[in-house]
Structure formats: C-alpha cells, structure tokens
Amino acid sequence: MQKIMLFFVALLIAFVPVANANQDDEVEPFTWDRKFLEVLKKVDIPVYIPSHVASSKFSRQLGPLFVSKLEASKNRYLFEISRQRVRDGQARTLTFDVMTMSAGTLPSHRKQPFSTFEVFEIQEGTIKFNGVNVDYFANKRAFIWKANGWEYLVWAKNTNNAVHIIKRVMATIPKGTIPVNGATKGQITVIETNEGVSSDAGWSYDNGKTWYIITGRTTPEQLTKILKSMIKVDT
C-alpha cells in the first residue's frame, strides 16, 4: 500500500502543472524616509531592509505604503510596512498590514525561526523530486526539503495542492541557488490558507547568531523578489 501511495504522489508531482504566477509576483518599490534610516543606524547588528514590497492592483487601491511601526535597540529591530486609506468624507484612517520584518537573536527556547517546522519531527516517508529528497508529513499534506543550507516547508490542504505549491517554490528558487544573497542558512515556509498562499522567510548571515525574519501575506514569487531586493543600511 505504501508503494502505491508513493507512486501516486510521484504521478502528482510529474503531471501537476506549474501555476501561472503572473498575478502572484507583483512587487513595487518602497522608499524609506530618512528619519527611519537614522533610527536604524543606531542598531549594532547589520541592518538589512527591503527596497520592494508585495503589491497588486487591488492592494494599491487600499492606499499608499508607509512604515506603520518601528522598534530599534542595540541588538534588535522590527518594523511593519502597511497601507493607509482615508475613508471618504471621514477623518479616520484605515491601516492594512503588508509585511513585518525583525532582526536579532532568537529566544532561548527557539531552535529555528518558525515554529511550524518544529511540528514535523517524525517523517512519514520520502520522495525524490527534481533531484531533491523531499520528506512528507501530515498524510502527505506537508513537505520539507533541504538545499544549500536552506530548509523549505510547504503545507497545504491536500496532496495535490501541496505538490502544486512545491512546483512553484522550486521554479521560483532554482536548484543550486539561495533566496538571499550571502545568507549562510535560512528557512522558507509556504502555507495554504483560506485567503490563499502565504509565504514567510527567516535567514542568517552568521550561521544563526542573528536571524532576519519576514512575515506577511506574500506568494513565493513575491517573497523571492522581496528577498532579492534587500539592501544593507550603512551604520
């Protein structure tokens, strides 16, 4: 029975088409106000910020992008980028969160950036896809693989959807490449929700001493472009 199920998963991987991501890969430039950069320059750890954020025709109608939150200390920083819209005829504004990024050391009880990885400790089996060994969990709804120091998690409502997302992730981050230039290790989570596919990333430039973490409602295609847009703030 297990061999039959493995064969079934292999067929899904082979024949499920890669999604047309034209509507899922939009990003737009984000300009940082000098006052925020001055705050970040006081941080002792290396500071990286995105020069692009996730976008879409619908989201742009919600209002302009702005930094809605910024916290900075000697060894840590956190910021949120949101959209702001003023109700017609009203003074009240509505805020729509776009992404959050933090940097610093992980809490002592955490071994890795995302707790979702810690849920899947005992694998149910392994299948090879695109030359990579992919472990599966949760009745073939969750898949984890490792490549070039990075760990990837795809978690979906069913096997078919999970395989579909795996294809998107592997097409977006080709074999032999890494999502963040210069990173020594990292993690990517791509989870199917009722609102669509959501992607997060955590990475380190110093083998885990300092972690940079991005969360938000982004697709794998958008997330990769955001990660590639990272710039270092001269502190």
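- Under the 4.5 Å side-chain heavy-atom criterion for Ile, Leu, Val, Met, Phe, Trp and Tyr, I127 and F137 are members of distinct hydrophobic clusters.
- In this structure, the side chains of K111 and E118 come closer than 4.5 Å at one or more pairs of heavy atoms.
- The aromatic ring centroids of W155 and F120 lie less than 6.0 Å from each other.
- At a threshold of 4.5 Å between side-chain heavy atoms, the hydrophobic network of Ile, Leu, Val, Met, Phe, Trp and Tyr places L153 and L106 in one connected group.
- For the pair M101 and Y212, the tightest heavy-atom approach, listed with the atom from each and the gap, is CE-CD2, 3.9 Å.
- Across all their heavy atoms, W150 and G202 have their closest contact at CZ3-O, 4.0 Å.
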(request) Would you check, one step at a time, whether the test side-chain contact (heavy atoms from CB on, under 4.5 Å) holds for I188 with T224? (result) CA-CA 10 Å; I188 297 258; T224 301; 6.0 Å; no
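- A donor-acceptor pair under 3.5 Å is absent between the side-chain atoms of D97 and the main chain of M99, judged by distance alone.
- Within the model, atoms OG of S204 and CH2 of W211 stand 5.5 Å from one another, a figure rounded to the nearest 0.5 Å.
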(message) Evaluate L70 against L78 for side-chain contact (heavy atoms from CB on, under 4.5 Å), listing each step before the verdict.
(response) CA-CA 6 Å; L70 176 61; L78 178 149; over 6 Å; no
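- Residues V27 and M230 are members of one and the same hydrophobic cluster, defined by side-chain heavy-atom contacts under 4.5 angstrom among Ile, Leu, Val, Met, Phe, Trp and Tyr.
- For the residue pair S198 and E195, no side-chain donor N or O sits within less than 3.5 Å of a side-chain acceptor on the partner.
- Closest heavy-atom contact between A162 and V154: O-CG1, 3.6 Å.
- Y205 and W203 share a donor-acceptor pair across their side chains, judged by distance under 3.5 Å alone.
- With salt bridges taken as basic N to acidic carboxylate O contacts below 4.0 Å, one links R60 and E26.
- Residue K74 comes nearest to V43 through the heavy atom pair O-CG1, 3.6 Å, listed as atom of the first residue, atom of the second, then distance.
- A heavy-atom distance below 4.5 Å is not found between the side chains of F96 and S68.
- Take K69 and apply the salt bridge (Lys or Arg N to Asp or Glu O under 4.0 Å) test, not counting sequence neighbours, and it matches E71.
- For K146, the NZ atom is loosely surrounded, since the number of other residues' heavy atoms within 6.0 Å does not exceed 12.
- For D135 and T126, the side-chain atoms include at least one donor-acceptor pair closer than 3.5 Å.
- Within the structure, the side chain to side chain donor-acceptor pair (under 3.5 Å) test picks out the following pairs touching residues 181-191 (sequence neighbours left out): Q112-Q187, E151-Q187, N181-K228, T184-N207.
- With hydrogens and angles disregarded, no donor-acceptor distance shorter than 3.5 Å links the side chain of T100 to the backbone of E80.
- Linking Ile, Leu, Val, Met, Phe, Trp and Tyr residues whenever their side-chain heavy atoms come within less than 4.5 Å leaves V39 and F66 in two separate clusters.
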(request) Apply the test side-chain contact (heavy atoms from CB on, under 4.5 Å) to residues T105 and N75: give CA-CA distance (whole Å), side-chain angles for both, the deciding distance (0.1 Å), then the verdict. (result) CA-CA 8 Å; T105 58; N75 297 312; over 6 Å; no
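- Side-chain contact between L65 and V98 is present, with heavy atoms from C-beta onward closer than 4.5 Å.
- Residues R83 and S59 approach most closely at CD-O, 3.0 Å, considering heavy atoms.
- Not one N or O on the side chain of S199 forms a donor-acceptor pair closer than 3.5 Å with the backbone of L223.
- Contact check for V134 versus Q123: no side-chain heavy atoms found under the 4.5 Å cut-off.
- Looking only at distances, a side-chain donor or acceptor of T159 sits under 3.5 Å from a matching main-chain atom of K140.
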(request) Applying side-chain contact (heavy atoms from CB on, under 4.5 Å), run through T177 and N148 and close with a yes or a no. (result) CA-CA 7 Å; T177 66; N148 303 306; 5.9 Å; no
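- Rounding to the nearest 0.5 Å places CH2 of W145 at 8.0 Å from OH of Y152.
- Contact between K41 and V233 at its shortest, heavy atoms only, is CG-CG1, 4.0 Å.
- With rounding to the nearest 0.5 angstrom, the OG1 atom of T172 is 10.5 Å from the CD atom of Q222.
- Of the inter-residue distances, the one linking E28 atom CD with S55 atom OG reads 3.5 Å to the nearest 0.5 angstrom.
- Taking CD1 from I81 and CD1 from I226, the interatomic distance works out to 8.5 Å, rounded to the nearest 0.5 Å.
- Salt bridge absent: R141 and E192 never bring a charged side-chain N and a carboxylate O closer than 4.0 Å.
- Looking at Y48 and Y77, their side chains come closer than 4.5 Å, going by heavy atoms from C-beta outward.
- In summary, the aromatic rings of W32 and F30 are positioned with their centroids under 6.0 Å apart.
- In this structure, D200 contributes its side chain and G216 its backbone to a donor-acceptor pair below 3.5 Å.
- T210 pairs by the side-chain hydrogen bond (donor to acceptor under 3.5 Å, both in side chains) definition with D206, not counting sequence neighbours.
- E221 and R168 are joined by a salt bridge, as a carboxylate oxygen and a charged side-chain nitrogen come within less than 4.0 angstrom of each other.
- Between K35 and E38 there is no salt bridge, since no side-chain N of the basic residue sits under 4.0 Å from a carboxylate O of the acidic one.
- Taken together through direct or relayed side-chain contacts under 4.5 Å among Ile, Leu, Val, Met, Phe, Trp and Tyr, V119 and Y136 form parts of separate hydrophobic clusters.
- Rounded to the nearest 0.5 Å, atoms CG (L62) and CD (Q84) are 12.0 Å apart.
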